[in-house]
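Just so it is clear: chains get the letters A, B, ... in the order the sequence lines come, proteins before strands, and each one is counted from 1. FYI, side chains are in, hydrogens and waters are out, and symmetry mates aren't considered; it's all heavy atoms of this structure.
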Amino acid sequence: MEQYEKLYLYKRIVQAKLFIDNHFAEDIDLDNIADQAHFSKYHFIRLFKSIYGKTPHNYLIKVRIENAKLLLSKGGSVLDVSLTLGFESPTSFTAMFKKLVGKTPSVFQNEQKTKRRAISLNPLSAVPNCFAETHGWIK
Amino acid sequence: MITKVTHMCVYVLNQDSAFDFYVNKLGFKVHTDAPMGEGARWLTVTPPDQPELEITLFLMKEGGMFDSETVKTMTQLIKKGTFGAAVMTCNDLLATYEELKSKGVVFKKPPTKEFYGYEALFVDDSGNWFSLSQMNP
């Protein structure tokens with residue numbers, strides 16, 4: 001019985017995590033997520049952190065920053081990316097990005113551009129020789 | 001002195017489908033996704049917390065050292081589930097199991113107590129199986 005209760009609990013926390021994964025760009029109200037999962041806010045945060053190692057709020061920020069990396073890599077401007085991901089301003093986005101990634105969004109974006117350009121000029125530069133030979137890409 | 005593993009290889013039967021499985025279901029990050037000409041593609045992903053380990057999703061097709069007979073044999077073996085590709089770890093197996101199941105990942109062994117912790121086995125979209133473990137503290 002205890003095992004079933006634990007499984008039920010896990011399913012609810014996992015659903016909350018997936019909700020964040022799928023709605024990270026929206027104005028997510030973590031109180032509301034806790035309510036939907038039928039937890040008190042305190043209990044929800046404690047359980048979420050015990051499973052994922054982060055509070056729901058910090059997890060949401062992490063998901064937003066990971067998605068910011070993807071959008072920046074595709075050429076999105078800092079302003080657009082910050083607005084798309086629900087940050088209050090480009091300044092707060094840049095500060096959070098730098099805190100978590102260790103460099104500003106612009107620096108990150110330039111690095112990605114340089115990497116892409118190097119690969120497009122010489123695709124084999126990204127491939128260890130042994131794999132290139134295995135594929136038949138070099139003789 | 002050997003210090004690290006930087007690349008490992010998983011043979012897959014379809015790179016688009018493998019991309020979806022490893023990135024959208026397992027949550028891996030794309031490291032490099034580059035066209036190599038003539039329809040070939042160099043696709044590598046990294047585990048979320050291990051950006052230095054590139055897993056190459058290596059398409060099983062004719063070319064290089066793979067002749068048609070080898071490709072046919074390998075394809076059959078991959079589909080059959082012959083190859084165990086790696087052991088992965090997570091902080092909380094039960095939660096990870098529930099999440100992956102909800103995304104459609106197929107498990108051939110549910111979380112089970114082992115002497116070293118808990119283990120489950122899942123299968124990728126090609127047929128390769130992986131151990132997913134939560135080690136004892």
Select one option (side chain, backbone, both, neither) describing which atoms of [X] are under 4.5 Å from chain A's heavy atoms.
| X | answer |
| --- | --- |
| B:Pro35 | backbone |
| B:Lys103 | side chain |
| B:Thr44 | neither |

Q) If you measure from the Lys or Arg side-chain nitrogens to the Asp or Glu carboxylate oxygens, is any gap between B:Glu98 and A:Lys17 under 4.0 Å? A) no
Q. Can you tell which of B:Glu54, B:Met65, B:Met36, B:Lys29 has the highest number of heavy-atom pairs within less than 4.5 Å of chain A?
A. B:Met36
Q: For chain B, find which of A:Ile119, A:Leu124, A:Ile13, A:Val127 contributes the most heavy-atom pairs closer than 4.5 angstrom.
A: A:Val127
Q.
Counting only heavy atoms from other residues, nucleotides and ligands, does the tally under 6.0 Å from CG of B:Asp67 exceed 12?
A. yes
Q) Got a sec: does the CZ of B:Phe21 have more than 12 other heavy atoms crowding it under 6.0 Å? A) yes
Q | Check against side chain to side chain contact (heavy atoms under 4.5 Å, CB included), A:Thr134 and B:Phe66 | A | CA-CA 8 Å; A:Thr134 306; B:Phe66 292 93; 3.4 Å; yes
Q.
Please report the interatomic distance CD(B:Glu62) to CD(B:Glu69), rounded to the nearest 0.5 Å.
A. 11.0 Å
Q: Report yes or no: do B:Val71 and B:Leu43 belong to one cluster of Ile/Leu/Val/Met/Phe/Trp/Tyr joined by side chain heavy-atom distances under 4.5 Å?
A: no
Q: Give me the contact list for residues 46-81 of chain A versus chain B, heavy atoms only, anything under 4.5 Å, ordered by residue number.
A: A:Ile51, A:Tyr52, A:Glu66
Q.
Holding to side-chain hydrogen bond (donor to acceptor under 3.5 Å, both in side chains), I want the full list of residues that pass it with B:Gln76, two or more places apart in sequence or in another chain.
A. none
**Q.** Nearest atoms (heavy-atom pairs only) where B:Cys9 meets B:Thr56
**A.** CA-OG1, 3.4 Å
